[in-house]
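FYI, the numbering just counts along the sequence from 1. Remember, it's a predicted structure, so these values are computed and weren't measured experimentally.
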Amino acid sequence: MSLSEIIKKNEKLIVFIMLLALTLQSVFSSFYISPTADELKHITRGYIYLKTGDQRFNNVHPLFINSLNAMPLLFVSGINLPLDHASWRENNVIDFSWQFFFHSGNDLEKIFSLSRIVTFILSIVLGILVYLWARKLYGVVSGLFALLLYSFSINIIAYSTLVTNDVGATLFIFFSFFMVWVFYKKPSLKNLLLSGFVFGLALMSKYYALHFVPAMVILLCIAYFKGRPKLSFFDFKNERKKTFANVVLILVLFFFASWATLNLGYKFEGTFRSIEYNIANDPGLDKNLYSNMVGKAASLIPLKRERSVKAVEFFTSNVPTMVPYHYLKGMLFSADVTLERSSKQFYFFEKVFDNPPKYYYIVMFFLKTQIPLLIFLFLTLLFYKKIAKNGIIDDCFLIIPIAIFALLFSLSPVANGFRHFLPIFPFLFVFVSKLPNAAIKNKKRLNYAILALIIWYALASLITFPFYLPYYNEFVGMNNGYKVSINVDVDWGQDLKLLKNYMDKNKINKISFSYFGQVYPEYYNISYNYLPSIGTFRYKGIDSPLNDIEDCRPVKGLVAISVADLKQPFLFKNQSCFEWLQNLTPIDRVGYSIYIYNITKIK
């Protein structure tokens, strides 16, 4: 019996083992991770919406995935919501999440453990879809190969452990393109509407799903022209007129299904109403923000300022919106945050740029993707013409989403972490899974090379455990990752638990601490002297209120500092913060995001 026959005979067992490997890596690595900088807000938004139906915290991200993550909490009694706190009235999600987790008697670890279960499940479902699509395209061996690449992908595992939108959005984006491919293979009104429905779920998952709209339009056109039999609604004698009418109707029906799904998800709240009407009836919105958004929108119109403002005011007052108000509001807030971040300085390769460089995502792809996968991609392209396949049209459903998303995101004015590139990976896994089918002379050598690369790929994942989030491949090395990019890519405040373990192990009673994160160190019984910190941690205002210039004078003794705070002094008001640490060598490191110094003398 050949190896291929053995694999096919034990297909279901191998699938189970792969998914088990994914689950074990995700679950056990999560035990080492303290809540990251964004997770508190994600859970708070989702739980608030499920319990009250209130969407005042629905900004920057849609609530769909947040709500899924919070669903297990509905079955837990005794979770308290501090709805009487000022942060609720002031629409301050950061302060409210602190009250929810640290001042209301709630069990943070229990809440996070339950919420992360949903992410584990979404990740498993995505893995099954990767396997099924590759299997349908290229056969059993390719399906298992794609699943292996998925199950040992460090980037996939890193975000399968967190309560964020990334894995959920990736799942529904990938699922929607899979359904469009199904429509291409089996043209029918049912498959068309189902694909539109799934894309609607993708739009409800994360705003960057909108980047995939051009790819959807192109592939729906391909599905019409190349699908057999053609789905035809009109039978005009004029062939051009018939083709045009059918293509337009297919696009309309698809996006109508997406639009209807999106609106049903938001219960049509604010749809068919003007923006001005919705804002006037939004108790959780600062009305000054509306004036600011009008001004910013007007600045984008190539008319005189007065005319531009009038045009925007007329549109917002008289034109009804066709999407739910809270979805539109969140999208506008997200765009506003993007524009704000695009004007801020950015740390990359130990240099400070005035704006995020356009090549950030492409460079990060080559540095945070496991090298064997890059080699698999190279070999697939090299032997493309010699690989048995269904046809280039099938590959278009994989290549076009990758190409258009990568292009549009690379043109984005903001670089907010490589995690935003996560949606391209499932497409890559399926695309390279055809490699074992290559019909070349030295097929045995290729098989040995594939086997060696698989071992390297899997070992990289196992060796990285449990530090998947700050992973950089061998081109850089994880010890040098902070020299390339920091925020989210290395430091998301995830090593607080490990700091407590480090202090206990080394019998350290108290430490001076600058922390890039949101969790109170006191929750883990960390005794510390507060040092100025970037971001939301400083809102606590222990000895450095937000509006004051930070006191960054040197201190004696043991100092623990998040690398995001250490390497990005330009984000402080006092831009000389921690200059006294820059030329010193840390005595130790906690995880890959917290550095330990022993300061014996102050100059």
Could you tell me which non-hydrogen atom of [X] sits nearest to which non-hydrogen atom of [Y], and how far apart they are?
X	Y	value
Pro214	His211	CD-O, 3.4 Å
Ser29	Thr161	OG-CG2, 3.2 Å
Phe383	Ala438	CB-CB, 4.4 Å
Leu428	Leu377	CD2-CD1, 4.0 Å
Leu126	Val167	CD2-O, 4.5 Å
Leu201	Ser205	O-OG, 2.7 Å

Side-chain heavy-atom pair [X], [Y] within 4.5 angstrom cut-off:
X	Y	answer
Asp394	Lys434	no
Phe255	Val213	yes
Ile33	Leu162	yes
Leu129	Pro426	no
Leu498	Asn501	yes
Phe365	Leu374	yes
Pro62	Tyr266	yes
Ser115	Leu73	yes

Q: Considering only NZ, NE, NH1 and NH2 on the basic side and carboxylate oxygens on the acidic side, decide whether Asp491 and Lys567 come within less than 4.0 Å.
A: no
Examine distances only and state if a side-chain atom of [X] and a backbone atom of [Y] form a donor-acceptor pair shorter than 3.5 Å.
X	Y	result
Glu350	Lys483	no
Asn473	Ile371	no
Tyr150	Ile128	no
Ser562	Phe516	yes
Asn437	Ser142	no
Ser151	Met18	yes
Tyr224	Val247	no
Gln370	Tyr457	yes
Thr369	Phe366	no
Ser195	Ser176	no

Between [X] and [Y], does any side-chain donor sit less than 3.5 Å from a side-chain acceptor?
X	Y	answer
Tyr159	Thr119	no
Asp38	Thr164	no
Tyr131	Glu11	yes

Q. Hey, which of Phe397, Phe172, Phe427 is the one that makes ring pair (Phe, Tyr, Trp, His ring centres under 6.0 Å) with Phe177?
A. Phe427
**Q.** Passing option when Tyr592 is tested against Tyr472, Phe467, Tyr482, Tyr471 for ring pair (Phe, Tyr, Trp, His ring centres under 6.0 Å)
**A.** Phe467
Working to the nearest 0.5 angstrom, can you tell me the gap between [X] [atom1] and [Y] [atom2]?
X	Y	atom1	atom2	value
Ser410	Met364	OG	CE	12.5 Å
Ser433	Leu137	OG	CG	7.5 Å
Leu367	Glu474	CG	CD	11.5 Å
Ser485	Tyr360	OG	OH	4.0 Å
Lys206	Ile65	NZ	CD1	10.0 Å
Phe152	Leu147	CZ	CG	9.5 Å

Q: Could you check Asp489, Asn165, Thr170, Asp166 and say which one makes a side-chain hydrogen bond (donor to acceptor under 3.5 Å, both in side chains) with Arg419?
A: Asp166
For [X], I'd like to know if atom [atom1] has over 12 heavy atoms of other residues, nucleotides or ligands within 6.0 Å.
X	atom1	value
Tyr32	OH	no
Lys186	NZ	no
Phe16	CZ	no
Phe256	CZ	no
Lys358	NZ	yes

Q: With side chain to side chain contact (heavy atoms under 4.5 Å, CB included) as the test, would you mind laying out the steps for Asp354 and Gln345 before giving the verdict?
A: CA-CA 4 Å; Asp354 290 333; Gln345 291 178 304; 4.2 Å; yes
**Q.** Step-by-step side chain to side chain contact (heavy atoms under 4.5 Å, CB included) determination, Tyr138 to Leu435
**A.** CA-CA 9 Å; Tyr138 313 121; Leu435 184 59; over 6 Å; no
Q) Within 45 degrees of the axis of the six-membered ring of Phe244 and under 6.0 Å from its centre: does Arg240 put its NZ or CZ there? A) no
With under 30° as parallel and over 60° as perpendicular, where do the rings of [X] and [Y] fit, or are they tilted in between?
X	Y	value
Phe348	Tyr359	tilted
Phe28	Phe31	perpendicular
Tyr468	Phe465	perpendicular
Phe405	Phe212	parallel
Trp133	Phe178	perpendicular

**Q.** Derivation of the side chain to side chain contact (heavy atoms under 4.5 Å, CB included) call for Leu194 and Val182
**A.** CA-CA 10 Å; Leu194 280 174; Val182 170; over 6 Å; no
(Q) side chain to side chain contact (heavy atoms under 4.5 Å, CB included), that's the test. Do Phe429 and Phe145 meet it? Break it down for me. (A) CA-CA 8 Å; Phe429 299 146; Phe145 184 34; over 6 Å; no
Q | side chain to side chain contact (heavy atoms under 4.5 Å, CB included), paired with Gln25, selected from Ser30, Ser461, Pro466 | A | Ser461
